[in-house]
Each structure stands twice: as C-alpha cells, then as structure tokens.
2 protein chains.
Amino acid sequence: MTPVTSTDPDGVDTVERRLPLSRELIISAAVAFVDSHGLSALTMRGLGKELGVEAMSLYRYVNGREDLLEGIVESMVSELHLNPDTVEPLNGWQAYLQWLAHGVRRIEQEHPAVFPLIATRHPAAPWLRPPLRSLRVVEDFLSELISRGFTDESAIAAYRAFSSFLLGHLLLEAAARTAESDIVDSLGHAEIASAGAESSITAFPQVCRLGTRLSEDHSDSEFEASLENMLDRLDRTLAH
Amino acid sequence: MTPVTSTDPDGVDTVERRLPLSRELIISAAVAFVDSHGLSALTMRGLGKELGVEAMSLYRYVNGREDLLEGIVESMVSELHLNPDTVEPLNGWQAYLQWLAHGVRRIEQEHPAVFPLIATRHPAAPWLRPPLRSLRVVEDFLSELISRGFTDESAIAAYRAFSSFLLGHLLLEAAARTAESDIVDSLGHAEIASAGAESSITAFPQVCRLGTRLSEDHSDSEFEASLENMLDRLDRTLAH
DNA sequence: ACCTGAACACCGTTCAAGT
DNA sequence: ACCTGAACACCGTTCAAGT
C-alpha cells in the first residue's frame, strides 16, 4: 500500500497520490497535465505515472483515451454552471448572452491548452456546435431567447452566429496565449530570419513595418467590441 | 524497379506509383489521404504504403511528421493565389475581402478534413493568425486595406476581426461537413437515445422541439450575411 | 474489488546497409 | 542517389494473473 501523501520513490515530488482513483480524479489530473505540458503530451502511460499508477489501471474508470478526452471536454463546459461568482442573470437576453460569452471565455483563459479540444473534437450531434458542447447550455440558450421574444428561427440563427463568434475569437486567443510559453515561438522568429532579413523587408514591407503592432494583444477590447456588435446585429434582426 | 503504373502485387488497385518521389508528391498524396481517411489516419507508414514505398523513404523529402503537416498547410493556403478562375479583384477593399473570404472558404469546402489542421496548428508567429497562415496573404491584406484609406491601426483591427470571423465560421462548417460521413454521427443519436427518450424531452424541450431545424444547413446564407455584416462594421469604423 | 505484468499491434524515427 | 531492414523508444489496449 502506498501512503496517501508522499514523495516519489525516486525522490521527485509529484502530485500526491490520493488513493481512491476515480473518473473525476483522473479527468481533473488530465486537465492539470494538459495545462502544464500541452495536449500532445497527454498520454495514458504518462497520466498514469502522474497519478502514481500504471496506465492500465485507468481503463477501469475511463473507456480508453477518446473517452478521457470526452470527459475533459464535459468537465470544462460543466464549470459554466458551477461557478459561484458568476450567476446566470435574469435581466434580458443581452445580459444572458454577455454572461455566457464571458463564462466560456473564462474557461478558455484558465485552460488555453485545453480549449482546442473543446473547439475541434467532433461534436456528438450536428447541432451541438463548439464551443457550446452541452445539451444543457443549448437548451438554456434557446429557451432564454425564445422566452424573450425571439422566434424559433431567429433563436436558431442567433445560436449559430453566437457559437461561430465564440469559436473564432477564443480559439485564436488561446493559440496566442499558449504560443507565448512554447517552443514554436522561437521557430517563428527563425522562419522570419531564414526567409532572409533583406528579402523579407522588400517582399513584405507592411508586415515588417507593422510587425510589433501586429503582435500586440488587444484581445480584451476586441472581444468586447465584437461581442457588442454581434448583439446589436441580433437586436436589429429582432426589430426587423 | 517497379513500373510507373501497375496494380499492387497483392492485386489491390491503389494510387499509381509515380516513381519520382518528391516533397510535392508526398504532400499532395497526404492531402488526398486525409480527404478520404481523415486526419487521425494519416501515418508515415500508411502514407508510405499508399505511395508504394516504405515509410523511411519519406524522410528523405520531408523532415518528419510535423514538417509533413506544415507542408500540407502551406500547400493549401498557396492554392489561394494559384486558382485561375478566381483572380484577385482590383475594385476596392470590400471586393478584395469578399474575394479572400470566398477563396479560403473554397479551400475549406474542398478539403474539410484538412481544415482543422490549418485552424489549430500553432502559428509560426503570433501575428500569423489562422486560417490566414501565409506571409504573402497577410502582406496583401494589409497593403490592400492601407492603400484604400485604412490607417495602420484600423487595418490591423480589420485583419484580426477578419481572421476570427473566418476561423469560427469555416471550422464549424468543416466539422458539420465531415460529421456527415463519420462514425461519430451515429454516436450522436446514441447519446440522445441513451439520455432516455422521456427524460430528454422533459429536460430539453426546446432542443427536442427544434431538433430537425437545428440540424438544417444554412451555411451559405449565414456565411454571406455574417461576412456582409462584418464588412459594414469595418466600413463604419473607417468613416468614424 | 482493484491493480499489475506481460503481451500485441501499432506509432515516429534513426542509421547502417543494400542496390 | 535513393530506398530498405532492423532496431529503438514510445504509443493504446487487452487480459489473465496477482493481492
């Protein structure tokens, strides 16, 4: 029997070995693992080691790797409803969509390395559009809008526009955020350099001139402005 | 020596073995492979077999799997400028952005299974935003807009908004398109069914009621309308 | 009941060796 | 010059066996 809390036999401090292995524990360990090591490093064997257990043990709680990834996605979206400090507002569909958008964005910001999983895993159903991968969320979305004066058609159109908006903005934001602490970053500079400093400045004058400004981060204000614009558009659709 | 065109030794008809192995040939074979078998099935060994060659031979022309994927992305975006029937228009930035948006969308529609690669591979540089992963394209974008009256800042803002828009819309469109011919499709129905027919109809009335309409495909008109809206927004930003 | 050892079929990748 | 065989270190996954 291994003790509940200890250092590795090798002397390396890893995650404490909380004994009662369970689906929830495995999934949250996987999220932490991806947060710090990236998605491509997530491996059944590696995750097992992180939990102080052999990879094969995981299969008792998780139906293979695909099921694990599905579990990660589900645990992420379910954070939307569990968050205590962000309670679903009751004053109108615009406030609701603002709340939902910021809730999803918060998840992306807390787990940028996990977000591509939410964004690109095949949806279970064609109408479950990433990043809103939950029946519960879609149901709330539709009923909120319909109860506030949207027709069926306009609620569906809003759902489509909203999910496209979130996906585009948050996926790019997540990519920018994970790139900072990545090896690929230096590769980017290498590419520019290898393109030839003198050839690139003649072939790509605008990119070179605006280089630093292109890299600036205005994601907060851009997100807010784009979201506002989208809500205005939905509002116009309603009035019309 | 294997003949240039033949059936497999096993009698199975595969891709003809064009002998002069090259980077271009390997990449285009990889694209065809992903188109028909999906991204997850693309394997160095599998691709080698498709080309009638051992996997190790590919390493002479391609710098490992990552480089192969990079090559696929590059070959896709370069189609933008090669397409004969879609010539870059000269009558204003709106026409240019329309042209560019439809060009990228065409690539997505022709290779929906490849598009996630374009969308989610780590950009080489932080300002190279998917799906516009080409220095050439970004340079054209900026110079076109700036020469038409955009300030540096507004051109950059337009670039950000444009790429977010494209990414969100096209990634969801590609997902819907590949889901049709996928195993996961039936899994979706299974999930609904396993949720319990009677429990889901009470817990998710709107989703159930709108189910068929939620699955309808209006991607053409939605794309056009959203694009139009975005161009209008950029126009307002300019006037202001 | 819960974990593991050993095994299987697959990966990407390297490199000396073949032709 | 171009391709391959054999090998290495890694995967996911299964299952009989241990405790």
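Chain A is the first sequence line, chain B the second, and so forth, proteins listed ahead of strands; every chain is numbered from 1.
Under a cut-off of 6.0 angstrom, the local environment of CD in A:Glu74 is sparse, with at most 12 non-hydrogen atoms contributed by other residues, nucleotides or ligands.
Taking atom CZ of residue B:Arg65 and atom P of nucleotide D:dC11, one finds them 15 Å apart after rounding to whole Å. Rounded to an integer number of Å, the gap from B:Glu54 CD to D:dA6 C1' is 12 Å. Rounded to whole angstrom, the span from the CG atom of A:Leu68 across to the C1' atom of D:dT13 amounts to 14 Å. Here the C1' atom of nucleotide C:dC3 and the CD1 atom of A:Ile26 are 12 Å apart, to the nearest Å. Protein atom CD of A:Glu66 is 14 Å distant from nucleotide atom C1' of D:dC11, rounded to whole Å.
The A:Met44 side chain lies nearest to D:dG12 when the options are C:dC3, D:dC3, D:dG12.
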Passes ring pair (Phe, Tyr, Trp, His ring centres under 6.0 Å), B:His169 versus B:Phe165? Steps please.
-> CA-CA 6 Å; B:His169 278 269; B:Phe165 161 81; 4.6 Å; yes
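Taking a pair to require two hydrogen-bonding distances under 3.5 Å in either a Watson-Crick or a G-U wobble arrangement, C:dG5 pairs with D:dC15. Pairing partner, D:dC10: none, since no Watson-Crick or wobble contact has both distances short of 3.5 Å.
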Distances under 3.5 Å between nitrogen or oxygen atoms of protein and nucleotides 14-19 of chain D:
none

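For the pair A:Thr43 and D:dG12, the criterion of a side-chain N or O lying under 4.0 Å from OP1 or OP2 is met. Proximity of B:Ser57 to the phosphate of D:dT4: a side-chain N or O atom is located under 4.0 Å from OP1 or OP2.
Take the nearest nucleotide of DNA chain C for A:Arg45 and for A:Tyr61: the residue whose nucleotide is more 5' is A:Tyr61.
For B:Arg121 and B:Glu66, the salt-bridge test passes: some basic side-chain N is under 4.0 Å from an acidic carboxylate O. Using a 4.0 Å cut-off between charged nitrogen and carboxylate oxygen, A:Asp67 and A:Arg23 count as a salt-bridge pair.
Note on ring orientation: taking the six-membered ring where Trp is involved, the planes of B:Phe141 and B:Phe162 are tilted (angle from 30° to 60°).
Under the 6.0 Å distance and 45° angle rule, A:Arg105 counts as a cation-pi partner of A:Phe223.
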